[in-house]
There are 2 protein chains.
Amino acid sequence: MTAPIRLLLADDQALVRGALAALLSLEPDLTVVAEVGRGDEVVAEARRTAPEVALLDVEMPGLDGIAATAALRAAVPACRVLVVTTFGRPGYLRRAMEAGANGFVVKDTPARQLADAVRRVHAGLRVVDPTLAAETLAAGASPLTERETEVLRAARGGGTVADLAAALHLSEGTVRNHLSAAIGKTGARNRAAAVRIAEEHGWLLGD
Amino acid sequence: MTAPIRLLLADDQALVRGALAALLSLEPDLTVVAEVGRGDEVVAEARRTAPEVALLDVEMPGLDGIAATAALRAAVPACRVLVVTTFGRPGYLRRAMEAGANGFVVKDTPARQLADAVRRVHAGLRVVDPTLAAETLAAGASPLTERETEVLRAARGGGTVADLAAALHLSEGTVRNHLSAAIGKTGARNRAAAVRIAEEHGWLLGD
DNA sequence: GCAGACGCCTGACAAATGTCATGGGCGGGA
DNA sequence: TCCCGCCCATGACATTTGTCAGGCGTCTGC
């Protein structure tokens, strides 16, 4: 018989992490060799335990799952990455693939399909949620420029223009211009809506 | 031997739901008899399967976990409720307890403690995350009046004052007054920040 | 070399937002 | 009963926000 596939799990919610471990451990051909709760612990743990497939959540403290994917692929090329996320934001999929992920699954998918996704990724196949893939193609990349993204990201906290200007070392007028452009591009009617829309599209990732 | 404890799981994320089922099924004295993905399916499913303990997530489509708790306690009093949630919002705990929940656990807690929490709840004990309990006492109830809450909730979408006024059948001036009061009470500096703060405290719950 | 896109800034203007004072109606508690 | 808090509303005001038109420098690709 062949040895079971070695897995690393990364999810900030201990309960979910443990539950996924239980779920995957039911499969005789899978074994969980490492669990971490922070994105910035992924690489070190992968170096130590040499997993063959890593399941990474996107929402994690320290380092988000996309950045962790890139770091892991660079540091431990032998380890394939399956990104698992709560939100089917079209932008997440694109960013994850660009970062070198081998698969992308949303937490809405039935539990029994997860083990299969792991096996597929381990076998070198790409696994992508088909409905999400269509959305991504339709939605395209972010229309926002780097600066606009930055300003919008800073605006999430709900500060005034003066706050943003101070935080970003820009003039207030410039901040207003970038915000105005972002509002126009997102089709929103004000800053708050623009932030929400950009967030829903996954355009604000990667602090 | 005694019969295993019958469980109902409610969580909108199929993967998490399935994983929790796998985790809890590892315990010989527990058995999952029902799974639902929407808050408004909880009562019907509980009537059908007569679980002894229901694990309800707070974030669910149809009906949130708090409202589902109240409905379930009213419809099937024999079934105890353990609320499981992603966010340790102080307000959630208070609201859950008021709705008749027997326990409250955040998804950060270690996986192995979940089964114990289920057993405790089944035995008639109250289970509460201790750190969260302290926070709740410190934070107290929402300082917002009913109308202020309503207005703030409507403001989440990012509409203008005119939009909110139309949606709530109020004059624009009144909406502005309520918003101003909410901004003052939350200590925020504008509408967006007030919404964020109120949300983080769990003050905006209830559709 | 030049056009275009981007970033950065200015200044000005209209619109939206937040604040305040004020007043009337309603209900619950001292 | 009277007071207080909440709700609803008005009108006026200062501030903030969003928009527009410009100008300047840099980089990139034709």
Using a 4.0 Å heavy-atom cut-off, does A:Thr160 contact any base of the nucleic acid, only the sugar-phosphate backbone, or nothing at all?
sugar-phosphate
Residues A:Glu199, A:Arg196: salt bridge by 4.0 Å N-O rule
no
Classify the nucleic acid contact of A:Asn177 as base, sugar-phosphate or nothing, counting any heavy atom under 4.0 Å across all strands shown.
base
Residue pair A:Ala188/B:Leu170 against DNA chain D: nearer the 5' end by closest nucleotide is B:Leu170
Student check: side-chain heavy atoms of A:Leu63 and A:Val42 closer than 4.5 Å
no
Whole-Å distance between D:dT16 P and A:Arg189 CZ?
23 Å
Indicate yes or no: does B:Asp11 engage B:Lys107 in a salt bridge with an N to O separation below 4.0 Å.
yes
CG of B:Leu168 versus P of D:dA9: gap in Å, rounded?
11 Å
In whole angstroms, the gap separating C1' of D:dC8 from CD of B:Glu150 amounts to 13 Å
Out of D:dC6, C:dT10, D:dG18, which nucleotide sits closest to the side chain of A:Thr174?
C:dT10
From C-beta outward on B:Arg147, which listed nucleotide comes closest to its side chain: D:dA9, C:dC9, D:dC7?
D:dC7
Quick one, A:Arg126 and A:Met97 - any side-chain contact, counting heavy atoms below 4.5 Å?
yes
From CD1 of B:Ile183 over to P of C:dC20, roughly how many Å is that when rounded to an integer?
11 Å
Look at all strands and tell whether B:Arg176 reaches a base, only sugar-phosphate, or nothing, counting heavy atoms closer than 4.0 Å.
base
From D:dT10, D:dG18, C:dT10, nucleotide with atom closest to B:Ser171 side chain
D:dT10
Of the candidate nucleotides D:dG18, C:dT19, C:dG7, which contains the atom at the shortest distance from the side chain of A:Ser180?
D:dG18
Look at the side chain of B:Arg191 and decide which nucleotide, out of D:dC8, C:dC8, C:dG18, has an atom nearest to it.
C:dG18
May I have the distance from B:His169 (atom NE2) to D:dC8 (atom P), rounded to whole angstrom?
12 Å
Whole-Å distance separating the CD atom of B:Glu148 from the C1' atom of D:dC6:
9 Å
A:Leu55 versus A:Leu24: any side-chain heavy-atom pair under 4.5 Å?
yes
To the nearest Å, give me how far apart CG (B:Asn190) and C1' (D:dT15) are.
12 Å
Comparing A:Glu172 with B:Lys185, nearest DNA chain D nucleotide closer to 5' gives the residue B:Lys185
For the pair made of NE2 in A:His178 and P in C:dT10, what is the distance, rounded to whole Å?
12 Å
